[in-house]
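Data block below; observations after.
Note that ligands are numbered from 1 as they come in the structure, with each ligand's atoms numbered from 1 the same way.
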Amino acid sequence: MSYVFTPAPIVSIPITGTDQRFPAHRVYCVGRNYEEHAKEMGFTGREPPFFFLKPADSLVIVNQGETGTLPYPSLTQNFHHEIELVVAIGKGGKNIQAKDTHAHIFGYAVGLDMTRRDLQGEMKKQGRPWCIGKAFDHSAPIGPITPASDLQKIEQANIELIVDGVIRQTSHIGKLIWNIGEIVEHLSAAWELQPGDLIYSGTPEGVAAVDRGNVLVGKVSGLSDLTLIVK
Ligand code: MN
């Protein structure tokens with residue numbers, strides 16, 4: 001058997017403390033999952049979780065201690081950062097109960113749900129899909145995955161994004177409207193989760209635009225930093 005062209009390579013993410021890598025399957029994202037961010041986007045902050053996807057090949061993988069490159073995307077005048085805790089699924093399943101979620105989680109990473117806010121806003125206004133605003137090339141930067149077994153309590157971690165030395169977003173994982181167990185329960189009721197799935201769990205308040213030359217440093221306590229320069 002042969003292919004008519006070379007298949008795309010498997011996208012994979014480094015794991016702290018090992019040479020083994022985490023092969024990515026799907027990238028799910030949770031919308032409006034911190035109350036103050038929901039409010040800044042004009043909503044009440046009290047609605048059921050909802051989801052969108054990004055292609056796995058939109059991941060921008062940044063190794064520990066390195067500065068990744070984030071290309072400024074086409075078609076936008078308002079390229080926004082959204083710092084997020086990413087949940088890496090190691091064991092799939094459907095209809096997973098919140099209390100059983102720990103058995104399905106491989107680890108956690110720091111991610112950015114980069115957004116062409118102007119295009120997303122236009123699609124919202126017209127009641128059209130968000131893909132052009134959310135699921136574009138290079139829209140999902142991610143740092144190394146830390147195995148869950150190496151972490152104490154991720155629910156007690158701080159989350160922060162610094163742009164050119166200035167804190168833009170700062171919050172706490174405990175402020176998630178829908179916690180990690182509840183996210184997995186809702187998500188796995190709608191899709192059968194697979195090993196390699198990544199879940200961007202939502203961003204706190206403070207989303208704003210970046211421009212070429214800006215250096216972004218994303219932090220979640222206990223995880224490797226995610227550092228990128230916009231080019
Ligand atoms: Mn987001």
Side-chain angles (χ1 to χ4, degrees), residues 13 24 26-56 58-62 68 70 73 76 78-89 108-124 128-143 154 157-163 167-180 182-184 186-187 190-191 197-210 214 216-220 223 226 228 230:
I13 299 153
R26 290 182 185 162
V27 179
Y28 293 99
C29 301
V30 186
R32 298 194 283 267
N33 202 19
Y34 288 84
E35 188 171 353
E36 294 307 315
H37 173 62
K39 285 180 182 164
E40 77 182 349
M41 300 306 287
F43 297 86
T44 64
R46 304 215 180 273
E47 56 176 46
F50 67 92
F51 305 99
F52 56 92
L53 287 107
K54 297 184 186 238
S58 69
L59 289 164
V60 176
I61 289 130
V62 183
L70 181 56
T76 186
N78 201 14
F79 184 35
H80 270 206
H81 55 72
E82 295 192 359
I83 186 71
E84 308 203 1
L85 171 68
V86 182
V87 181
I89 297 293
Y108 300 95
V110 179
L112 280 161
D113 166 16
M114 297 305 297
T115 302
R116 293 194 280 209
R117 192 72 73 199
D118 41 1
L119 300 185
Q120 183 202 20
E122 194 54 41
M123 292 299 108
K124 274 188 197 173
R128 290 178 177 171
W130 288 8
C131 306
I132 200 166
K134 285 290 196 181
F136 52 94
D137 295 344
H138 315 295
S139 60
I142 189 168
I154 197 72
N158 294 311
I159 182 166
E160 193 165 79
L161 179 74
I162 298 158
V163 179
I167 297 172
R168 290 265 190 102
Q169 296 186 264
T170 181
S171 191
H172 191 266
I173 301 302
K175 290 188 175 177
L176 283 170
I177 296 171
W178 299 95
N179 68 31
I180 292 158
E182 292 166 333
I183 291 168
V184 169
H186 278 91
L187 191 57
W191 289 272
D197 284 342
L198 298 165
I199 308 167
Y200 282 59
S201 58
T203 197
E205 66 276 17
V207 300
V210 291
N214 286 158
L216 286 65
V217 182
K219 293 172 178 287
V220 173
L223 306 183
L226 169 62
L228 296 134
V230 183

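Within the structure, the salt bridge (charged side-chain N to carboxylate O under 4.0 Å, His left out) test picks out no pair touching residues 198-210 (sequence neighbours left out).
Distance alone, capped at 3.5 Å, is enough to place a donor-acceptor pair between the R168 side chain and the A209 backbone. Using modelled atom types, one side-chain atom of N33 and one backbone atom of W178 make a donor-acceptor pair closer than 3.5 Å.
A cation-pi arrangement, defined by a distance under 6.0 Å to the six-membered ring centre and an angle within 45 degrees of its axis, is absent between R32 and F50.
Taking the side-chain contact (heavy atoms from CB on, under 4.5 Å) definition, one finds that L187 meets it with Y28, F51, W191, L193, I199, sequence neighbours left out. Residues satisfying the ring pair (Phe, Tyr, Trp, His ring centres under 6.0 Å) test with F43, not counting sequence neighbours, are none.
Any protein N/O/S atom under 2.8 Å from the Mn ion (ligand 1) was counted, giving 3 altogether.
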